[in-house]
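See below for the structure under consideration.
Just so it is clear, the model here is predicted, and its values are computed rather than measured.
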Amino acid sequence: MDTYQAIELSRFAPTFRSGIDLVDLKMLLPGPGEIRVRNLWCGVNGIFDTQIARNAVDYVKVRLPSVMGVEAAGVVESIGAGVTDFAVGDAAATVRFTGGYRLFNTGPAANFAKLPAPTREWLALASTGVSALLALEHIGEARAGETVVITAAAGGLGHLLVQLALLKGCHVVGICGGPRKAAFVRALGAHRVIDYKSEAFAAVLADEYGGKINLGIDSVGGELFNSIIDNIAPHGRLVVAGAAQDMNNAPGASVGRRVIDKLYYKAASVRGFMNGLLTELWPEARARIFALHASGQIGVTFDDVEFRGLAAVPDAVERLLSGQSMGKVIVRLQD
């Protein structure tokens, strides 16, 4: 095989789909210190993918054309001279930009992590699981007994956050949309589930958790962001892990006077979370999340819509952005 397929960002565009092309790339042999992985699965990151297509991620300097995608898992097919951490046949994952939406990936062995098996579960834990752990503990500094509010609680990141916060001994409030998602989050063990499609979430938070939210982890933005700030506890923290509602300049997320009126007098804070800026913490976090899964303390749920092949990645991105997905959205690239 001389070539393989990948998804390439060919032009900056308002949407992922409108900026990409399916292209053939030359198959590379691994050089010294490199490995080549045959990717079987890739994870989808709808907001990041869209913002990359718009050239709107500050810490990523995109040069066109650029292969897209962050996370993929597969099997080591070939190794270069000097590689000792991997052998042919090992399961390996990458969670680095340009490594995801391609059928094969050749690069430095240091850019890959060894997995127990080349499955979608271990990929989700190596990527989204690590994000959840670091957002909760490193950025959010969650402590036992605290009240933690998690938005998009039925999503790929959210459902892992719920489980980790419960293991931490927190009182967990999960916010999600629709009875099916609410039942799912309730089954995970959340102490309070707010279905924003049937309940006025702002009123519920004010009535039941006014001034009592020690930690919020928000990936939605808009009025959910506002409501958490309005009910933050003294020394409370709000971790921004995304802003799906604010990608297209939706109203409601501007901080403005809120920094003085809502945060200052409570010594509270808003903290940004970007997993790609915490690479030095990945190995330890990955080992911990893997151990939790291996011992049965953490489970991974996947969206029930199946996507197969690189050509299905734009559909998977749009599925995630639609708000209809539940659990991690993933694509089977090849058998």
Side-chain angles (χ1 to χ4, degrees), residues 3-10 13-25 37-54 66-75 91-105 115 117-132 152-160 176-178 180-181 184 219-220 242 244 247 275 293 299-335:
T3 63
Y4 68 93
Q5 286 192 313
I7 289 177
E8 194 171 76
L9 184 67
S10 303
T15 66
F16 175 80
R17 187 185 294 274
S18 61
I20 57 124
D21 292 305
L22 193 61
V23 299
D24 291 322
L25 298 180
V37 176
R38 182 175 182 266
N39 285 338
L40 303 179
W41 303 94
C42 70
V44 173
N45 298 276
I47 295 175
F48 184 81
D49 290 336
T50 301
Q51 295 297 78
I52 286 288
R54 296 173 177 177
S66 177
V67 175
M68 292 287 280
V70 174
E71 59 196 74
V75 177
T94 179
V95 291
R96 296 178 182 271
F97 178 61
T98 77
Y101 300 154
R102 54 169 80 219
L103 297 185
F104 290 85
N105 188 11
L115 301 180
T119 65
R120 61 180 186 168
E121 287 81 9
W122 292 112
L123 172 59
L125 292 163
S127 54
T128 308
V130 167
S131 291
L157 178 69
H159 87 287
L160 294 172
C176 56
R180 181 168 174 264
K181 291 184 179 182
F184 170 55
S219 57
V220 178
M247 283 175 53
N275 195 35
H293 181 65
V300 185
T301 296
F302 297 94
D303 188 42
D304 55 10
V305 176
E306 295 185 359
F307 298 96
R308 295 183 68 90
L310 270 177
V313 168
D315 295 331
V317 168
E318 290 169 5
R319 167 75 176 174
L320 182 55
L321 292 176
S322 73
Q324 298 176 25
S325 62
M326 191 175 81
K328 177 72 175 175
V329 176
I330 212 143
V331 179
R332 178 74 187 241
L333 294 176
Q334 50 190 332
D335 296 323

Less than 4.5 Å apart, any side-chain heavy atom of [X] and any of [Y]?
{"X": "Ile7", "Y": "Phe16", "answer": "yes"}
{"X": "Met68", "Y": "Ile20", "answer": "yes"}
{"X": "Val95", "Y": "Val130", "answer": "no"}
{"X": "Leu157", "Y": "Ser131", "answer": "yes"}

### Message
Please enumerate all residues that pass side chain to side chain donor-acceptor pair (under 3.5 Å) together with Thr3, with sequence neighbours excluded.
### Response
none
### Task
Identify, with sequence neighbours excluded, every residue that meets side chain to side chain donor-acceptor pair (under 3.5 Å) alongside Asn105.
none
Set of residues satisfying side-chain contact (heavy atoms from CB on, under 4.5 Å) with respect to [X], sequence neighbours excluded:
{"X": "Arg17", "answer": "Thr15, Pro314, Asp315, Glu318"}
{"X": "Val67", "answer": "Ala6, Leu25, Thr98, Arg102"}
{"X": "Thr301", "answer": "His159, Phe184"}
{"X": "Arg120", "answer": "Trp41, Phe302, Ile330"}

### Query
What residues, two or more places apart in sequence or in another chain, satisfy ring-ring contact (aromatic ring centres under 6.0 Å, His included) together with Phe307?
none
### Summary
The salt bridge (charged side-chain N to carboxylate O under 4.0 Å, His left out) partners of Glu306 (sequence neighbours excluded) come to none
#### Entry: Residues which pass salt bridge (charged side-chain N to carboxylate O under 4.0 Å, His left out) with Lys328, listed by chain and number, not counting sequence neighbours
Glu71
### Task
Say whether Asp49 and Tyr101, considering side chains only, have a donor N or O and an acceptor N or O under 3.5 Å apart.
yes
